[in-house]
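Each residue takes its place number in the sequence, starting with 1. For ligands, and for the atoms within them, numbers begin at 1 and follow the listed sequence. Quantities reported herein were computed from a predicted structural model and do not represent experimental measurements.
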Amino acid sequence: MKILVVNGPNLNLLGKRKPEIYGTETLDEIMDALSVFLAGKDCEAEFFQSNHEGAIIDRIHAAMGNTDGIIINPGAYTHYSYAIRDAIEAVSIPTVEVHLSDIHGREPFRAVSVIEPVCIAQISALGAKSYEVGAEILLSKLQ
Ligand code: DQA
């Protein structure tokens with residue numbers, strides 16, 4: 001099983017960025033733990049982070065035909081990127097949306113996800129654990 005993990009804008013600053021909301025772990029630390037978790041489930045994982053919408057779309061397109069599932073934290077693109085939404089829909093790869101923070105309990109604009117309708121699940125508010133729970137759900141749908 002091959003899984004692509006995509007992280008969107010500003011997530012490269014995890015550890016330094018609003019630790020009271022996003023925690024103190026860096027993105028590398030969170031992805032390392034996810035990599036170990038996925039390896040334990042016999043999954044090969046690829047990790048991609050970008051602050052650019054087009055680069056995220058290109059990476060999703062490149063997954064077509066060679067990737068079984070996607071885990072994506074689109075960052076703020078969650079709330080308004082119809083282009084990322086359409087890319088996920090276009091490649092038809094089962095995708096889980098994850099967030100570290102509780103997007104439903106913060107500013108009202110964060111409660112809206114334009115990505116959610118094309119995903120099989122949305123996980124939020126569990127901190128770094130959101131990625132692992134997202135992976136569990138994705139794998140349970142793929143097996
Ligand atoms: C986030 C939530 C988004 O609203 C925010 O713009 C982020 C991070 C999260 O993981 O909690 O960049 O996706």
Side-chain angles (χ1 to χ4, degrees), residues 1-41 43-64 66-142:
M1 205 81 81
K2 198 165 155 199
I3 306 296
L4 171 66
V5 185
V6 177
N7 283 289
N10 299 306
L11 293 165
N12 55 309
L13 295 183
L14 285 178
K16 294 186 202 124
R17 175 191 180 201
K18 286 193 165 284
E20 69 284 6
I21 290 178
Y22 298 116
T24 53
E25 281 183 278
T26 65
L27 185 61
D28 280 352
E29 287 167 345
I30 296 170
M31 293 302 107
D32 283 352
L34 183 61
S35 170
V36 170
F37 177 82
L38 286 170
K41 305 272 180 190
C43 288
E44 191 190 320
E46 272 193 41
F47 297 89
F48 180 78
Q49 189 277 328
S50 178
N51 296 321
H52 304 278
E53 187 177 28
I56 293 170
I57 292 165
D58 287 345
R59 187 62 192 86
I60 291 168
H61 290 178
M64 213 171 175
N66 60 61
T67 300
D68 300 296
I70 298 174
I71 298 167
I72 185 166
N73 182 347
Y77 284 137
T78 303
H79 315 301
Y80 65 95
S81 178
Y82 295 106
I84 292 177
R85 178 213 181 278
D86 282 355
I88 294 168
E89 188 176 46
V91 298
S92 292
I93 299 171
T95 299
V96 170
E97 174 190 344
V98 301
H99 301 281
L100 297 139
S101 67
D102 177 10
I103 60 168
H104 299 285
R106 298 177 62 194
E107 302 97 317
F109 77 86
R110 292 190 202 275
V112 176
S113 170
V114 301
I115 307 296
E116 186 179 16
V118 294
C119 292
I120 58 175
Q122 180 196 71
I123 313 297
S124 77
L126 302 178
K129 193 92 186 148
S130 290
Y131 289 89
E132 210 173 289
V133 173
E136 291 269 25
I137 291 171
L138 182 61
L139 295 183
S140 72
K141 298 274 181 197
L142 294 178

Could you go through ligand 1 and list every pair where one of its N or O atoms sits under 3.5 Å from a protein N or O, giving the atom names and the distance to one decimal?
residue  : atom   : partner : partner atom : Å
ligand 1 : 4 (O)  : H79     : NE2          : 2.7
ligand 1 : 4 (O)  : R110    : NH1          : 2.8
ligand 1 : 6 (O)  : A76     : N            : 3.2
ligand 1 : 6 (O)  : R110    : NH1          : 3.1
ligand 1 : 10 (O) : N73     : ND2          : 2.8
ligand 1 : 10 (O) : L100    : N            : 2.8
ligand 1 : 11 (O) : L100    : N            : 3.3
ligand 1 : 11 (O) : S101    : N            : 2.8
ligand 1 : 11 (O) : S101    : OG           : 2.6
ligand 1 : 12 (O) : R17     : NH1          : 3.0
ligand 1 : 12 (O) : R17     : NH2          : 3.1
ligand 1 : 13 (O) : N73     : OD1          : 2.8
ligand 1 : 13 (O) : H99     : ND1          : 2.8

Problem - Counterpart residues, ring pair (Phe, Tyr, Trp, His ring centres under 6.0 Å), relative to Y77 (two or more places apart) - result: Y80
Handout entry: Nearest non-hydrogen partners of V114 and Y82, listed with the distance
Key = CG1-CE2, 3.6 Å
Problem - Test salt bridge (Lys or Arg N to Asp or Glu O under 4.0 Å) applied to E29 - qualifying residues, sequence neighbours left out - result: none
Exercise for the section: Hey, can you tell me if H79 and H99 have their rings parallel, tilted or perpendicular (30° and 60° cut-offs)? Expected result: parallel
Exercise for the section: For E97 and T78, test the side chains for any donor-to-acceptor distance below 3.5 angstrom and give the result as yes or no. Expected result: no
Handout entry: Residue list, side-chain hydrogen bond (donor to acceptor under 3.5 Å, both in side chains) with S81, at least two apart or on another chain
Key = E53
